[in-house]
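All heavy atoms count here, side chains included; hydrogens, waters and symmetry mates do not. Order of the sequence lines sets the chain letters (A, B, ...), proteins ahead of strands, with each chain counted from 1.
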Amino acid sequence: MGQIYFIFSMSETTVSEANNGNDSRASDISEATIRLAGNSQDGIQSIGGFLARLAGRREREVMTMMTIPSTISGGASIFQVRLGSGEVLSPGDKANVLFAFYQHSYDNHVNNLTKGGILVYDSDHVEPCEEWLTKYRHIGIAISSLTVEAIGGTARDKGKNIYALGLIAGMFSLDTTKLERLINERFGGKGESIVKTAMDAFQAGCRYQSGDISNLFRLARGGAERSNQVVMSGNEAIGYGLIAAGVRFGAGYPITPWSDIMELLRRELPKYGGSFIQCEDEIASVSMAIGASYGGHVAVTGSSGPGISLKTEAIGWAVMAEMPLVVIDVQRGGPSTGLPTDVEQSDLNIALYGGHGDSPRVVLAASDVEDCFYTAIEAVNIARKFSVPVFVLSDQAIATRIEAFNEPDLKTICKDVELDLSPVPSHKPYDLSSGDGLSQHRAPGTRIEDGRYPVVTGLEHDESGHPSGDAVNHIAMTKKRRNKLKTLADELPVPEVYGADSGDVLLVGWGSTKGPLLEAVEELSNNGDALSALHIKHINPLPNGLDAIFSRFNSVYVVEMNDGGVYGYGQLAGVLRARFADARIKGINKTAARRWKVSEIIERVKASRAEEPVTA
Amino acid sequence: MSDSATIEQSSQDAGERQPVTKKEITADTPTWCPGCGDFSVLSIYYKLIQKRNIPHESVTTVAGIGCSSRFPYFVQAHGVHYIHGRALSFASGLSISRPDLHVFTFGGDGDAFSIGGNHFVHTARKNVKMTYVVMDNFVYGLTKKQTSPTSPIGFKSKTDNWGALDQPVNPMKLAISAGATFVARTSHTNPKHLLEMMDAAMDHDGFSFIECLSECTEFFAGAFDSSNPRKGGEFKLMPEDHDPTDEAAAYAVAGEDFPGRFGIFYQVQRPTKNALETGVIEAAQSKFKGQQAHDILQANFNKMK
Ligand SMILES: Cc1ncc(C[n+]2csc(CCOP(=O)(O)OP(=O)(O)O)c2C)c(N)n1
Ligand code: SF4
Ligand SMILES: [Mg+2]
């Protein structure tokens with residue numbers, strides 16, 4: 001089966017002029033970005049889900065972007081899907097096609113169309129505006145009434161999404177057989193009449209024909225088959241990663257956007273003999289997870305925003321008691337209740353330092369959906385080996401985004417760790433002898449043959465876990481807890497520099513800024529400008545060798561979705577400045593509750609370079 | 001969970017072993033003040049472990065923070081000294097994931113009913129299998145005499161020089177209304193009764209809660225004299241005809257004036273959280289018989305292609 005590409009049968013300029021979709025003027029483009037704007041109850045996310053799945057099955061990279069409204073229902077909702085044949089790094093800044101279901105969708109999103117983009121609107125709800133009519137190709141379709149016509153009068157707004165999916169399938173000549181199969185899979189469990197209604201809506205959408213819509217796009221076949229891909233959201237990838245790594249217990253309390261992960265684990269873990277417990281609050285959940293870790297299996301807890309704050313005392317205990325634990329933090333806008341459904345990277349500090357006392361813990365940040373899967377696995381393995389709490393930072397943007405990635409080889413990745421309760425002659429839970437800081441607990445149920453049983457504790461303790469206020473002991477134990485992280489740092493790979501290995505400007509990022517950063521490097525190099533980027537996944541401990549990289553550039557800009565604070569640099573920049581005492585490390589920050597756009601990063605760097613004298 | 005094979009193994013070994021001696025189960029010398037009621041609870045705990053002849057290594061003692069919560073250091077067995085108020089949550093995670101263990105949780109009245117009050121309610125209603133003994137001294141001992149949630153009105157503490165103002169928590173009523181399935185009350189001054197309650201609690205399949213009056217000789221001396229026959233008081237058992245499955249009757253007895261009654265106020269059978277979760281696991285696993293983790297996960301991934 002050949003691969004299908006979307007090819008716009010127009011160059012950007014032709015369309016802005018007229019309605020003459022002229023095939024001869026078609027230009028091949030490697031990607032298409034479609035934005036659907038409506039209300040949350042319209043189920044437009046599921047259109048995106050279908051397209052992402054179709055693209056995944058089509059062995060094509062896909063990245064989708066979804067913003068969910070902070071109100072439960074009735075709020076505005078958008079879904080953007082970008083389908084590309086090359087490496088798709090970040091959700092497209094602007095859409096080539098906008099589907100506007102309501103007037104507000106039209107009014108608010110028309111600006112997000114590329115020059116010459118196409119605007120499909122529900123003519124039952126939207127009154128196009130004069131100004132835009134001349135700028136964008138407009139296609140009005142009575143989506144609401146045509147849906148009602150197709151599936152019957154009582155459905156109200158239901159089914160509109162599937163009708164629109166049919167429209168899109170028609171417009172882009174998508175593989176309707178595959179889509180019908182997906183629809184069957186999706187609604188199959190809900191009864192025959194539901195499947196039939198959905199199918200009727202879909203087919204009616206597909207059949208919709210008008211001169212306007214049919215000539216716009218042309219299909220082409222070609223390109224090599226991609227290897228098998230799976231399609232999921234970042235939250236799903238974290239959940240499945242934890243399971244793959246052998247996590248069999250978790251506990252949590254609902255909060256957006258973390259809840260999906262706990263829902264998934266609650267549903268899936270029993271299949272593997274495990275449990276996920278919904279607790280009365282975040283303190284109970286982190287405590288239950290730590291209790292299960294003490295029981296012998298690395299356990300997980302997680303949250304977002306305020307829930308992370310509540311867990312800090314218990315995480316400090318896990319640092320002190322050296323208990324393995326994975327803490328997932330799906331960051332959202334803060335502080336306090338903040339912006340529950342918007343993206344921000346402002347929890348780095350709490351992940352690193354949240355809690356009283358000197359409490360070294362590991363902090364990892366996932367960069368995209370695929371990386372969520374592997375970061376979760378790595379976190380579990382580090383927690384196990386180093387007996388330490390490990391934070392995984394994700395964020396709202398990757399949590400709900402759907403991406404396709406190469407199917408992992410589950411057979412080699414999956415672990416099902418047996419509990420080892422074999423008797424030991426003697427045991428010190430806080431053995432100082434190794435020097436690298438590492439020690440392992442023996443789970444309760446383990447017979448200690450010399451009869452000296454361990455106590456795990458948050459009080460400063462001696463090697464067997466008994467309280468000790470001795471200064472020399474406290475120094476030794478503090479060093480042990482810190483040395484573990486040094487041992488880990490020595491194992492970490494030095495991150496690679498994207499773009500030239502040395503030069504004028506190095507952009508540094510963490511977490512979901514990776515895509516936009518790499519794209520900025522690419523975009524500038526296409527224009528003949530040089531810019532390099534470095535993405536840091538292991539934030540605590542930092543990998544060795546960063547100073548050598550920084551020294552090869554004149555300026556280092558840390559691009560973050562958090563506040564530049566009183567002194568003008570953000571949370572990672574603060575860590576790097578403290579670590580390397582390098583004043584060339586500067587911050588490029590934003591708290592606009594939206595992802596970085598590639599263009600924005602480039603503009604900000606340019607502005608910043610213009611302000612300061614270029615150091616040679 | 002998947003640990004049953006190893007567990008049976010270890011219990012069998014234990015069966016062949018000599019019963020654990022008091023010496024073997026005794027650890028650090030308690031740091032409590034002389035005469036502190038907590039000593040009796042500790043020695044009854046030793047007795048219980050010896051009497052029940054449970055495998056030494058499967059006895060797990062969990063505590064929060066407080067004088068009473070230092071308990072695990074004094075027991076030579078796997079032990080946990082967790083954070084203030086959250087011991088029940090820790091113990092729940094342990095109990096649910098390790099049904100083979102005997103999980104005992106100890107703590108004070110502040111730990112249980114103030115900072116940990118919400119966890120008490122939810123552990124009770126979830127009926128997580130464990131025994132929870134609250135050593136209730138009506139005062140904050142470790143932090144040196146502040147008002148506790150069980151301090152009687154008028155008790156002069158450092159935070160209420162003029163006498164405590166707030167209505168105290170009634171632990172029996174709280175436990176019954178929260179849905180605890182075993183609710184008992186005893187006192188450190190009556191070791192025989194204390195052992196009887198601990199024994200019954202251990203037999204109970206579910207969350208078994210014991211309030212044990214335990215005098216703080218340092219900061220609230222004489223608090224429980226009225227329940228101590230040696231101090232001229234009366235140790236009043238539950239009414240002869242009390243039906244422990246009668247919630248309303250239990251609640252009524254719990255409302256009697258201090259020092260109230262001692263014994264099992266309330267006991268019913270309800271599926272434990274442990275059993276309910278095991279049921280969920282069994283139902284889920286029945287569809288994946290003989291499959292390994294990667295097969296089960298692969299089935300999900302196949303749907304996401
Ligand atoms: C989060 C937190 N807040 C406060 C404390 C200080 N603190 C330790 S024990 C305690 C109260 C102890 O009273 P109780 O639980 O009745 O135990 P007792 O000492 O009387 O046995 C307090 C307030 C703490 N350790 N942690
Ligand atoms: S302060 Fe009170 S509760 Fe604490 S050890 Fe002394 S007597 Fe016991
Ligand atoms: Mg007390």
Structural part of A/Ala244 lying under 4.5 Å from a heavy atom of chain B: both
Contact class of A/Ala284 relative to chain B, heavy atoms under 4.5 angstrom: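 Both the backbone and the side chain of A/Ala284 come within 4.5 Å of chain B.
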Exam field: side chain B/His78 to backbone A/Thr446, donor-acceptor pair closer than 3.5 Å: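 The answer is yes, because a donor-acceptor pair under 3.5 Å joins these two groups.
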Check: B/Arg98 side chain, A/Pro444 main-chain N or O, donor-acceptor pair, under 3.5 Å: yes
By side-chain hydrogen bond (donor to acceptor under 3.5 Å, both in side chains) - contacts of B/Ser148 (at least two apart): B/Asp109, B/Thr150
Nearest-0.5 Å distance, [atom1] of residue [X] to [atom2] of residue [Y]:
X	Y	atom1	atom2	value
B/Lys287	A/Lys271	NZ	NZ	8.0 Å
B/Met304	A/Ser233	CE	OG	9.0 Å
B/Ile96	A/Ile277	CD1	CD1	4.0 Å

Flag side-chain contact, heavy atom, 4.5 Å: A/Glu407 against B/Asn302: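 The answer is yes, as the side chains (C-beta and beyond) meet within the 4.5 Å cut-off.
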Chi angles and distances behind the side chain to side chain contact (heavy atoms under 4.5 Å, CB included) call for A/Met288, B/Leu88: CA-CA 8 Å; A/Met288 268 206 203; B/Leu88 280 182; over 6 Å; no
How close do [X] and [Y] get, counting heavy atoms only, and between which atoms?
X	Y	result
A/Phe249	B/Gly93	CZ-CA, 4.0 Å
A/Pro467	B/Arg70	CG-NH2, 3.7 Å
A/Ser275	B/Ile281	OG-CD1, 3.7 Å

Heavy-atom pair count under 4.5 Å with chain A, highest-scoring of B/Ala77, B/Ser92, B/Ala87: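 Going by pairs under 4.5 Å, I would pick B/Ala77.
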Neighbour count above 12 (heavy atom, 6.0 Å) for A/Tyr253 OH: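 No, the 6.0 Å shell around OH holds no more than 12 heavy atoms from other groups.
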B/Lys173 NZ: over 12 foreign heavy atoms closer than 6.0 Å: yes
Contacts table for residues 451-458 of chain A: side-chain donor-acceptor under 3.5 angstrom, sequence neighbours left out:
from	atom 1	to	atom 2	distance (Å)
A/Tyr453	OH	A/Ile448	N	3.3
A/Thr457	OG1	A/Leu459	N	2.8
A/Thr457	OG1	B/Tyr73	OH	2.6

Picking from [options], which has the most non-hydrogen pairs under 4.5 angstrom with chain B?
options	value
A/Arg442, A/Met320, A/Glu280	A/Glu280
A/Ile290, A/Thr412, A/Val286, A/Ile413	A/Ile290
A/Ser285, A/Ala289, A/Ser287	A/Ser287
A/Ala299, A/Ala443, A/Gly246	A/Ala443

Derivation and outcome, side chain to side chain contact (heavy atoms under 4.5 Å, CB included), residues B/Phe90 and A/Trp317: CA-CA 11 Å; B/Phe90 184 106; A/Trp317 185 90; 3.8 Å; yes
Set of salt bridge (charged side-chain N to carboxylate O under 4.0 Å, His left out) partners for A/Arg266, sequence neighbours left out: B/Glu277
Chain A contact via B/Tyr82 - which portion, at a heavy-atom distance below 4.5 Å: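 For B/Tyr82, heavy atoms of backbone and side chain both lie under 4.5 Å from chain A.
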Chain A contact residues among residues 291-301 of chain B, heavy-atom distance under 4.5 Å: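 Hits under 4.5 Å: B/Ala293, B/His294, B/Ile296, B/Leu297, B/Gln298, B/Asn300, B/Phe301.
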Pair A/Tyr294-B/Thr60, side chain to side chain contact (heavy atoms under 4.5 Å, CB included): steps then yes or no: CA-CA 11 Å; A/Tyr294 169 69; B/Thr60 310; 3.8 Å; yes
